There are 2 protein chains.
Amino acid sequence: MVTRTSEPEIRVAVSTVILTLRRARDVDQPSLALPLVLRTRDPHQGDWALPGGWLEPDESLEDAAARTLHETTGLSPSYLEQLYAFGAVDRSPSRVVSIVYWALLRSDEVDAQSAAHVASGLAPENVQWFDAAGLPSLAFDHNQIIDYALWRLRNKVGYSRVAHGFLPPTFTLADLREAYEAILGKRLDPANFRRQVETSAALLPTDEFRTGSHRPARLYRYDDDVELADRGPLAPEKDVKEKRTR
Amino acid sequence: MVTRTSEPEIRVAVSTVILTLRRARDVDQPSLALPLVLRTRDPHQGDWALPGGWLEPDESLEDAAARTLHETTGLSPSYLEQLYAFGAVDRSPSRVVSIVYWALLRSDEVDAQSAAHVASGLAPENVQWFDAAGLPSLAFDHNQIIDYALWRLRNKVGYSRVAHGFLPPTFTLADLREAYEAILGKRLDPANFRRQVETSAALLPTDEFRTGSHRPARLYRYDDDVELADRGPLAPEKDVKEKRTR
DNA sequence: CCAAAAGTGTTATCCTTACACCCATGC
DNA sequence: GCATGGGTGTAAGGATAACACTTTTGG
């Protein structure tokens, strides 16, 4: 067996596709949006790119994703999961292996965290939010990466509760359905949607109702006790900790 | 924005969980097995570990997985897909980010390639095949990694044709069903299984039959023209090339 | 003929889908 | 009242699962 040692010219970076569901003015349907960072140096100077940065020796991949995302955008996601490791030789002039994560965040949290980021005096002028449909040509292979993240989100919304990442602790079934519709890009029957989420038993009804227009709608919350094996043996540590303290 | 540069102490490794379906003596049901390599140095000297090695600067992640797998075991898989990037700080004494792949290979190819590997004079005594059920305690986090690979295989067999990786070009429906049964760990109704794969339209019947015992069984082959979006926008390059030359 | 696997038929059940319909509130 | 979204009912269609049954070979 030949023993080899890695050369230092391979660097490890992390990037994050962080999505939110925002309701544009004069549009009733919310749509997916994500922040991009304007590159201020080569390679790809002047192009938009995913927020990210280099992996530090003393932090895990997920920690690095959360840190670099926060440093560049001020955001702290409500959901964070590894997407894929991209390592083609020619994806960057120097050799970079990028571990990409995807994340979700409520739009009101985006607003609050962005405001706090601006108030802290850091430079936000390099960050801009784009509608996920109709992106410009991005730096590196980031268009392909975002396509893959959106595909994963569309897939996963069917067998997990990732939509939770877009919603406040309590929400109406119409809120949940709107999130599903925006993710899947198609309208869903309200009656059938209600029965499907009810039989899945992942939701708990509360005694509260949202009033303000027409018939009040019951508020629901997610049942944290429901086991869902959407990540298999790679259980997120957060869940484990939550269970321990219960 | 703070600019950081990665320190050279982070190294990138690749490992591969390569599975085969082998029929043990005196057992009618085939079972999943995988090769492990005995570690000859610290850390974890004397423990069994996944085949792998360091990423070289001029090769892609997938190329590195195929190369290190071949160097350590002599095997060339029929199916190869990225599994996950593992990067916990404490998973190794030095900082190593491991990009792990999972792969499939027919047992007769395993035998042929292993024999060729031995004949070429390389050291095979460090490699041993283990039944996927009932592994010993392995080096690093490799037990967890294998659990995740098996989970992915069980999931993916339902909506893709990964089972193809265990089968020769033509095969009977009983062959295919045996592969599914071994992967899923449960018996399947032959009648219903037949109808499911027939309606999925991923199989083409041939004019040949396998004889030798009882009623001859028709041989089928996979229909390469069937599109399956099991990897989303990350289409393997092999498929693209095949389409171009068609 | 007999055993056993290949292959077909049938039925119950569940899930999905489409859509009619009633309910409760703001205006 | 009436428009509108919240919520229930219902029936058709398809997928699944269980299992009886027929076919075709080797011995």
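On a predicted model such as this, the values are computed, not experimentally measured, just so you know. Below, chain A is the first sequence line, B the second, and so on; all start at residue 1.
Scanning atom types as modelled, no donor and acceptor separated by under 3.5 angstrom connect the side chain of A:R215 and the base of C:dA24. Donor-acceptor pairing under 3.5 Å, judged by distance alone, is absent between the side chain of A:R177 and the base of D:dG6.
Checked by atom type and distance alone, the side chain of A:S114 never pairs as donor or acceptor with a backbone atom of A:D111 at under 3.5 Å.
Rounded to whole Å, the distance from CD on B:E178 to P on C:dA6 is 9 Å. Between the CG atom of B:L219 and the C1' atom of C:dA6 there is a distance of 13 Å, rounded to whole Å. Taking atom CD on A:Q196 and atom C1' on C:dC15, their separation rounds to 9 Å, with Å as the unit. To the nearest angstrom, C1' of C:dC19 lies 16 Å from CG of A:L188. Taking atom CG on B:L173 and atom C1' on D:dT23, their separation rounds to 16 Å, with Å as the unit. Distance CZ (A:R210) to P (C:dT25): 16 Å, rounded to an integer number of Å. When rounded to the nearest whole Å, the span between OH of B:Y159 and C1' of D:dT16 equals 21 Å. Taking atom CZ on B:F193 and atom P on D:dA17, their separation rounds to 12 Å, with Å as the unit.
Contact annotation for B:T199: no contact, since no heavy-atom pair falls under 4.0 Å across all strands. Counting any heavy atom pair closer than 4.0 Å across all strands shown, B:A191 reaches a base atom.
In terms of position on DNA chain C, the residue among B:R218 and A:D189 whose nearest nucleotide sits closer to the 5' end is B:R218. For the pair A:S213 and B:A174, nearest-nucleotide mapping onto DNA chain C gives the more 5' position to B:A174.
The aromatic rings of A:F140 and A:H142 lie tilted to each other, with the angle between the two planes from 30° to 60°.
By the 4.5 Å heavy-atom criterion applied to side chains, B:I183 and B:V162 are not counted as neighbours.
A donor atom on one side chain and an acceptor atom on the other are found under 3.5 Å apart for A:N192 and A:R195.
Of the candidate nucleotides C:dC19, D:dT25, C:dT8, C:dC19 has the atom lying nearest to any side-chain atom of A:N192. Looking at the side chain of A:R194, the nearest of the listed nucleotides D:dA18, D:dG6, D:dT24 is D:dG6.
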Inset, instruction - Could you walk me through whether A:F171 and A:Y222 pass the ring pair (Phe, Tyr, Trp, His ring centres under 6.0 Å) test, one step at a time? - result: CA-CA 9 Å; A:F171 48 87; A:Y222 270 98; 5.4 Å; yes
